[in-house]
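Data block below; observations after.
Every chain is numbered from 1, with letters handed out A, B, ... down the list of sequences. Computed from heavy atoms alone, side chains included, the values below leave out hydrogens, waters and symmetry copies.
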Number of protein chains: 2
Amino acid sequence: MKILHHPDKADIQLSSVLYALSDPVRLFILAELRRSGERTCGDIDVPVVKSTLSHHARTLREAGVVSVRVHGTQRFLSIRTEDLESRFPGLLTSVMNAYEHSGEPMIINAE
Amino acid sequence: MKILHHPDKADIQLSSVLYALSDPVRLFILAELRRSGERTCGDIDVPVVKSTLSHHARTLREAGVVSVRVHGTQRFLSIRTEDLESRFPGLLTSVMNAYEHSGEPMIINAE
DNA sequence: TCTAATATTCGATTGTCATCGAACAATAGA
DNA sequence: TCTATTGTTCGATGACAATCGAATATTAGA
């Protein structure tokens, strides 16, 4: 079985977390996880192909934002809420709150 | 005189702000601005050359994070605290708090 | 008007990222 | 064992970003 690396709580870097959160697709994924607690990749409805979604999941995992639990052929994603809260208090809440109230588009319109 | 474009408060995008904040040099600049309120580019001591600093200042300005006031040959940077607070309540505070307490390195060490 | 100070812009370089499609891997279930 | 399901990895591509040094622009002050 494949080993998925998750950074230790103490090794989670602020700039990496902020970078992971700076993509509209990834923000959407987090919002979904926040609503459901846990989701498989296949149950997240984003306008990108599987391989791209896999890339985003990896980016979030390696930044320490999400945890990935392997079960059969599926991977369940969930937010590392407690780790993030203890390392960066209030950060995730304010980001997700901002996201919910700001109508962030998932696809940037050309002007 | 050069016109510097600042996005309207309502046009500030969450993902752009998070991206602007995801660079260690820019986080450092913000921390400095937070301490002094206002700074000229020349008074910010970062380990990059002038032109690179100018690039970072522009990134922060265009994302809506900082305001740039022109005075003579100098540009005074300051954080758009009120605009950010009203658009994304608590966000900047939690980010800067996280920065102050997490020992974020300005230069990433190679492993 | 000339010069020094301050900052931006430009061109080049190097590297990373988001995206896709195709191929592959792993596992559940028939 | 065979097949369908679920994701990952790989290679390619196009876009963009961080960095530097050199050239340029703007203004203050002598």
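The shortest side-chain heavy-atom distance between A:R26 and A:L21 does not fall under the 4.5 Å cut-off.
When rounded to the nearest whole Å, the span between NE2 of A:H71 and P of D:dT8 equals 16 Å. Residue A:L77 contributes atom CG, which lies 8 Å from atom P of D:dG7 at whole-angstrom precision. Nucleotide D:dA18 holds its P atom 10 Å from the CG atom of B:L60, rounded to whole Å. Atom pair A:E62:CD and C:dT16:C1' shows a separation of 14 Å (rounding to whole Å applied). Taking atom CG on B:L53 and atom P on C:dT9, their separation rounds to 13 Å, with Å as the unit.
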Using atom names, set out every protein N or O paired with an N or O of nucleotides 4-6 of chain C below 3.5 Å, distance rounded to 0.1 Å.
residue : atom : partner : partner atom : Å
C:dT6   : O4'  : B:T73   : OG1          : 3.3

Please tabulate the protein-to-nucleotide N/O contacts below 3.5 Å involving nucleotides 18-21 of chain C, giving atom names and distances.
residue : atom : partner : partner atom : Å
C:dA18  : OP1  : A:Y19   : OH           : 3.1
C:dA18  : OP1  : A:R26   : NH1          : 3.2
C:dA18  : OP1  : A:R26   : NH2          : 2.8
C:dA18  : OP2  : A:R26   : NH1          : 3.4
C:dA18  : OP2  : A:H55   : NE2          : 2.6
C:dT19  : OP2  : A:H56   : NE2          : 2.3
C:dC20  : OP2  : A:V49   : N            : 3.1
C:dC20  : OP2  : A:T52   : OG1          : 3.0
C:dG21  : N7   : A:S51   : OG           : 3.4
C:dG21  : O6   : A:S51   : OG           : 2.9

All N/O contacts under 3.5 Å from nucleotides 11-15 of chain C to the protein, with atom names and distances to one decimal?
none

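Judged as a side chain to side chain donor-acceptor pair (under 3.5 Å), the pairs with a partner in residues 77-92 of chain B (not counting sequence neighbours) are, in order, B:K9-B:S86, B:R80-B:D83.
Its side chain within the 4.5 Å cluster rule, B:Y19 clusters with A:Y19 among the Ile, Leu, Val, Met, Phe, Trp and Tyr residues.
Take A:Q74 and apply the side-chain contact (heavy atoms from CB on, under 4.5 Å) test, not counting sequence neighbours, and it matches A:T40, A:F76. In this structure B:R69 satisfies the salt bridge (Lys or Arg N to Asp or Glu O under 4.0 Å) test together with B:E38, sequence neighbours excluded. Checked against side-chain contact (heavy atoms from CB on, under 4.5 Å), A:T52 has the following partners two or more places apart in sequence or in another chain: A:V48, A:V49, A:H56. B:R39 meets the salt bridge (Lys or Arg N to Asp or Glu O under 4.0 Å) test with B:E32; sequence neighbours excluded. With sequence neighbours excluded, the residues forming a salt bridge (Lys or Arg N to Asp or Glu O under 4.0 Å) with A:R58 are A:E62, listed by chain and number. Take B:S94 and apply the side chain to side chain donor-acceptor pair (under 3.5 Å) test, not counting sequence neighbours, and it matches A:S94.
Between A:R58 and the phosphate of D:dT9, there is a side-chain N or O to OP1/OP2 separation shorter than 4.0 Å.
Pairing each heavy atom of A:I12 with each of A:F88, the nearest pair is O-CZ, 3.6 Å.
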> For A:R34 and A:L30, what are the C-alpha separation, side-chain angles and deciding distance, and is it a side chain to side chain contact (heavy atoms under 4.5 Å, CB included)?
Replying inline: CA-CA 6 Å; A:R34 209 140 188 273; A:L30 287 183; over 6 Å; no

